[in-house]
Amino acid sequence: MDSHAALFELGQKRLAELRKMKPLREGSFQKKLEQNGITRRDFMIWSATITSLLALPLPFSTMVAEAAELSDRVPLIWLSLAECTGCSESLVRSTTPDISTLLFEHVSLEYQEVLMAAAGDQAEENLDNAMKAYKGQYLLAAEGAVPTANNGTFLTIGSKAETGVSLIKRVAADAAAVICVGTCSSFGGVQAARPNPTGAKSVGTIIDRPVVNVAGCPPNPANITGTLMYFIMFGRLPALDIFNRPKWAYGARVHDNCERRGHFDAGEFVTQFGDDNAKQGYCLFKMGCKGPYTYNNCPTERFNAHTSWPVLAGHGCIGCSEPDFWDDMADFEKPLSRQPVHGLDATADTIGAVILGVTAVGIGAHAVSSIFAKKIEE
């Protein structure tokens, strides 16, 4: 309770500072909402949802609402490194703009190669000007891994052919905070998979700055927006796990909140894509689902306006928000062996606490019988 009171006070001070600052964009956020047919009631519901997402008490929802309205005071520089643009697409691709999309547009986006109209020398000039004008104030979002082999020449950007290594170091040096958007910037992603000929590395290993890793391939837009909102409200990064991921988004395993978890506990598994068990929505663990080893909020937040996510759509989780997932989680359609993954038990839960009194995760008797007594059919 005391920590929440201190955080609320910090947020009030931060918002007071933002109120004194001059807006960097034209037009109010409320006006943008009205132009897109979003009512004040919708906005307040969204604010309450974001508050809950960030694991904050409901009284913080008014702070979330005000922070969104003041977000045009926050300059944002978004760098695209070795990536596929999927993380940007995850955030902005929407047939009907929602509040999160409009918030991203309302923030003073000073540089974003995918979205900006400028190109070539003009784009580089915009970046340099933003860095000078908002030195020490801008938020840096980095998307993509950083190739380091051959002095970084596997990635050169702009008319001056600056390497990704040089660019990320230069821009990060004067940033107020650094957010790594997606698994590639967070952990290296597929670019860093064996044999990694370009020497691709995560942003956090290249720069001498704290980072927050919003992992996922791509990450849920809510996780990107939520992290941005947290920084706007408090002027600092949220509490992080051992892999520098926000605890509010990556604090629970996919397995624990999965809608198929009941079938896992009952020992009811899909054994072939398209079989009768698949049609009944049974557990996909035997088809390679990595939900037991993956920390993310996919089952609760979902994608495409909270419509669905891979497991609900019929394919197992591939563990894309975990370090080295491309190597450690393969084969994506077969269960893992009994080797540990990043210190986690790779046997999908060991033995249930309730059943045998062991401190583990609590799987049902049928699941224990199916997985361990009969062994997993590969």
Side-chain heavy atoms of [X] within contact of [Y], under 4.5 Å:
| X | Y | result |
| --- | --- | --- |
| Ile318 | Trp326 | no |
| Asn297 | Leu53 | yes |
| Ile99 | Phe29 | yes |

So, the side chain of [X] versus the backbone of [Y]: is there a donor-acceptor pair under 3.5 Å, distance only?
| X | Y | result |
| --- | --- | --- |
| Asn277 | Phe269 | yes |
| Thr294 | Lys290 | yes |
| Arg209 | Ala175 | yes |

Please determine whether ring pair (Phe, Tyr, Trp, His ring centres under 6.0 Å) holds for the pair Tyr138 and Trp78, giving the CA-CA distance in whole Å, both sets of side-chain angles, and the decisive distance to 0.1 Å.
CA-CA 10 Å; Tyr138 61 82; Trp78 185 299; over 10 Å; no

Anything under 30° is parallel, anything over 60° is perpendicular, the rest tilted; go ahead and classify His315 against Phe273.
parallel

How about [X]: does its [atom1] atom have over 12 heavy atoms from other parts shown lying under 6.0 Å from it?
| X | atom1 | value |
| --- | --- | --- |
| Asp208 | CG | no |
| Lys169 | NZ | no |
| Trp46 | CH2 | yes |

List the atom pairs, donor and acceptor, that lie under 3.5 Å between side-chain atoms in residues 152-160 and the rest of the protein, sequence neighbours left out.
from, atom 1, to, atom 2, distance (Å)
Thr153, OG1, Asn150, O, 2.8
Ser159, OG, Asp121, OD1, 2.5
Ser159, OG, Glu124, OE2, 3.0

Looking at residues at least two apart in the chain, or sitting in another chain, which of them share a ring pair (Phe, Tyr, Trp, His ring centres under 6.0 Å) with Phe60?
Phe8

Distance only, no hydrogens: is a donor on one side chain within 3.5 Å (strictly under) of an acceptor on the other, for Glu83 and Thr85?
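Short answer, yes.
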
Once rounded to the nearest 0.5 Å, what's the spacing between atom [atom1] of [X] and atom [atom2] of [Y]?
| X | Y | atom1 | atom2 | value |
| --- | --- | --- | --- | --- |
| Ile179 | Leu76 | CD1 | CG | 7.5 Å |
| Thr51 | Met44 | OG1 | CE | 8.0 Å |
| Asp328 | Arg194 | CG | CZ | 7.0 Å |
| Phe243 | Phe187 | CZ | CZ | 6.5 Å |

Quiz item: cation-pi between Arg14 and Phe231, 6.0 Å / 45°:
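Geometry flag: set, cation within 6.0 Å and 45°.
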
Would you call Lys13 and Glu17 a salt bridge, taking side-chain N to carboxylate O under 4.0 Å as the test?
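Salt bridge between Lys13 and Glu17, a charged N being under 4.0 Å from a carboxylate O: no.
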
Decide yes or no on salt bridge (Lys or Arg N to Asp or Glu O under 4.0 Å) for Lys31 and Glu26, but give the supporting numbers first.
CA-CA 10 Å; Lys31 191 69 173 177; Glu26 294 183 1; over 6 Å; no

For the residue pair Asn257 and Pro299, what are the closest heavy atoms and their distance?
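Scanning both residues completely, I find the closest heavy atoms to be O-CB, 3.4 Å.
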
